[in-house]
Amino acid sequence: MKLCGSEESQRLMRLLEDALAREARLWKAPVLENDQIQGSDISLIQYQEVILWLREMNAAFQFCQETYALGVCVLNRLLATVKAQAKYLKCIAITTLILAAKINEEDEVIASVKDLLAQSGCSFSTAEILRMERIILDKLQWDLYTSTPIDFVHIFHALLLSDHPYLPLLAAAQKRPCFQAELWTRQVQHCMACHQLWQCKGSTLALAIITLELETLTPDWFSVFIELLNKAQIESSEFIRCKEMVDEYLSSLRVSLPANAVYIFNSTYVTKYRSLGPEPKQVAGWYPKDRPRRKRSGHRPRSRREREADEYYDGFRCLYDGIASEGSHGDSGNVGVTNQDVSSCPPLQPHEG
Amino acid sequence: MKFGRGAEKETEMDELPYVKSRSVSSLPCSELGDGSYGETPQAHWFHTLQVRRLRVHRGRSNSDPLGGKSFQQEFQWNTGLQFGTATSYLNLEKLGEGTYATVYKGISRINGHLVALKVIRTKTEEGVPFTAIREASLLKGLKHANIVLLHDIIHTRESLTFVFEYVQTDLAQYLTQHPGGLNPYNVRIFMFQLVRGLSYIHGHRILHRDLKPQNLLISYLGELKLADFGLARSKSIPCQTYSAEVVTLWYRPPDVLLGSTDYSTALDIWGAGCIFIEMLQGAPAFPGVADVFEQLQKIWAVLGVPTEENWPGVSQLPNYKPEWFLPCKPKQFRDVWKRLAQLPYKTEDLAMQMLLAIPRERISAQDALQHPYFNTLPTPLLQLRDTVSVFKVPGVRLEAEARDIFSPTRRIKSSLVPLAKCW
C-alpha cells in the first residue's frame, strides 16, 4: 500500500466516518437521577468504583487499553438499556470486560474464565458469569462492536500526523509515533471514570483531551482544532461543555504524565521553548489557560498565521466564555466532591523546571 | 431475551405478531425507513427480508428460491413463529463441520427461505466462544453484497445457532469441481468480488485474517461472499500487535510467517493474491508444506530471499534466518505459474502487486479495484451500491468452465463455445 499524504488522509477520513457512524448507532449512556443511575439503585460512587476496579482488572489480566474502553462502553450501554440492581453491578462489570476481551484480545492472551475469576478475587462462579454473558449478549443483540474514545484518539492522532506533520508535539513523536497517542489514551481512561463525562460521546471526549494539549503546545492549535471539529461533526456547544469538564477533571486529579513523558518533552519541544521563554513548566503540567503563544509573542515578530490564530482565538474565547458560564457552574460543585472519591490516580508531581 | 425481542416491545408484540420479525436488525435502519414498502412502519419490519430482495432486484437468490416475490400476500408461512427460536427452522441436511461449529442446510418456517444453520459448540466452562462473539458482532456492522448475511441468532442455555443466508458452494468445492484452472473470465469476476468485499471490510478497519477458498462462498450465479469472520478483528490505527498465528499456512504472508505481529490490511491482500493464482492455475500458489520455514522457502523460491537492502528491517523479524542468504533469485511469475503466460500482462501485474513480500508495498484493495486487470468488466461495477450484487450489472455472468467433474460431457459443449463465437 503506497499511500501519499492525501490518500492517507482520505483513508483516515473514511475510518473516522465509519467510527462516527458506529458511535451514532450504538453509543448510549445511563441517565442520572438524584445521584443514582435512573431506574436502578446504583449510586454514582458505586459506579465510579466499579469503573476504577475494571481498570485494575484490565491491567491485572494484561489486556490492552482498548479492551478496557470497550468493556466500559458496553457496560454503559447495558446500564442505559436495562434496569440493573447494584448487587449485580460487579458481576455485570467483570462480564463486560470478559466479553470485550473475547472481541478484542488474541485467543492466546485470554486466560480461562475460571482463572480470570480467581485472579480478580471476586467470588462469582463460572456459571454466574456465563449466565450474565448470555443476558448481556441478548440484551445488546450481540451488537458489541462499538467505537470507543480510544479509537477516536487513535484516529485523530493519525489525522494530525498525516495533515500537520509540522506540529511540534508530533515532530517529537516521529521516533515513537504512538507515544503521544499513548498519553492521550491514559487521560481518556481517567476521564472514563468520571461520571460528569459519561454524557460525552467518545469522539467528543477524545477531541477535548487532544485540544487541551494542542492549546499548550502550538500557537496554531485553533485552526487545527477547528479542522478536527468539523471533520468529526461535533456540535460546538457540546464540545465546549465537555472540554471544560475534562479540563477541570484532569487538573483536579492532577494527573501526572509518566516520568519519561516529561523527559521526552524536554528533549524536543521544551528545549526549543527554553531558548524563547523562561517557563518550561507550562509544557509539562496541565495549564491549558497558560498558552505558550501568549508568552512567546513578544520575543519575535509574529507571522500572519499567528495573527490569524489570535483572531480566531479571541473570537473563540468569547464564545467559550459565554457558553461556559452558562453551563459549567452547576457542575463545578460536584467535581470537588467526586475528587475525594477518586484516589487511585497518582497526584501530579509539579515539574521542577 | 431472544434476539431482537426488545424488552420494551414485549407487550406490543402480543398485539402485533409481525413486529417480531424486527429481529432482522442486521439490516440497516436506513434501508427500512424510506417508506416505499408497506403501509405502516410495522409492516416494514415484517417485510424486512423481502424488502431487501426487492430493493436489490435479484433475479433469484439462493436463500430465496421464490425469486424475491412477495408471497406473503398469497401465502402466510407461519406468522406465529418468531426469529430467535429454534422451532422456526427445520434442519435439512448436514453441510459440513468446521473448527468450532457444524453447518446444516435448513429452511426457515417463517418465510420459507433456505438458510445455513451454523450450530456452535459452546464450552460449559468458557461460555460463548470468542470466534462466535467476534463473528456476530462484526457481521452486525457489515452490509455488503460480497459479505455473507447473518439473519438470526438462536441462543439458549444449551446451544447457540447462527442463521445465515444459504449459499450453495464455496470456492474450494468449485475448484475441485472444475480442475485444471478456472475460466479466466470467471476468475476476473470472482477476483473483482473478492477485492470488492475486502475493500469494504478494510474500509471498516476490519481484517478477515482467515482468507482461503473454503471461506469464500459461491452462489450458483457466481456471487462470491466472504464468510467465517471467527478470526477476524477490528484494527485500531497504530501500535497494536496481533497474533502471528493467523491464516492457514498456505495463505499466510511472508512478513507474518517471519513473526511480524503489527500487520494490517496487507495481510488479507496476500491471501487474496494466493487465491488469485490458485483460481488461474488450479493448484495452490504455495502449497503443501509442514512448517513456517518450509512455507517461507516456497515463497522465497518465487520472490527471492529478502535482504536488508530490499526489505529494510527484515533481519530483525523473529523468524529470520541469516542462512537464507544462499541466493535465491526472484523469478518471473509467468515462469512459475504457466497460466499467466497465456494471459495479458495485466493479470500477472496484479498478481505481482498483491504478492509483494514487503507488506506496505502490496496494493490496497481499493487500488486493486482500479487496476487495469478489471478494465474489461463493465464500468458500472465500480459505482454499485454496497448491497448490490455485481450480477445486477447487464453483461456480467459466469461463463462455462472448461472442465466439470460432475458432468464430463460439458467439456465438449463448452469447448464449442469459442468456436460458435467465431462463426
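Below, chain A is the first sequence line, B the second, and so on; all start at residue 1.
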message: A side-chain contact here means heavy atoms from C-beta on lying under 4.5 Å apart; do Asp143(A) and Ser137(B) qualify?
response: no

query: Between Arg157(B) and Arg131(A), what is the shortest heavy-atom contact and its length?
result: NH1-CD, 4.3 Å

query: Does a side-chain heavy-atom distance below 4.5 Å link Arg134(A) with Val128(B)?
result: no

- prompt: With only heavy atoms counted, which part of Thr126(A) is less than 4.5 Å from chain B, the side chain, the backbone, both or neither?
  reply: side chain

task: Can you see which heavy atom on Trp142(A) is nearest to which on Lys140(B), and at what distance?
output: O-CG, 4.0 Å

- prompt: If you tally heavy-atom pairs under 4.5 Å against chain A, which of Leu138(B), Ile133(B), Thr122(B) wins?
  reply: Ile133(B)

- prompt: Could you state the interatomic distance from CD1 (Ile103(A)) to CZ (Phe130(B)), rounded to the nearest 0.5 Å?
  reply: 12.0 Å

message: Give me the atom names and distance for the closest heavy-atom approach of Val113(A) to Glu125(B).
response: CB-O, 3.9 Å

field: Under-4.0 Å salt bridge between Lys102(A) and Glu126(B)
entry: no

- request: Look only at the side chain of Arg14(A) and the backbone of Gly203(B), and say whether a donor-acceptor pair between them is shorter than 3.5 Å.
  value: no

query: Taking all non-hydrogen atoms of both residues, which atom of His204(B) and which atom of Tyr145(A) are closest, and how far apart?
result: O-OH, 3.7 Å

Residue Leu160(B) versus chain A: region with a heavy atom under 4.5 Å: side chain

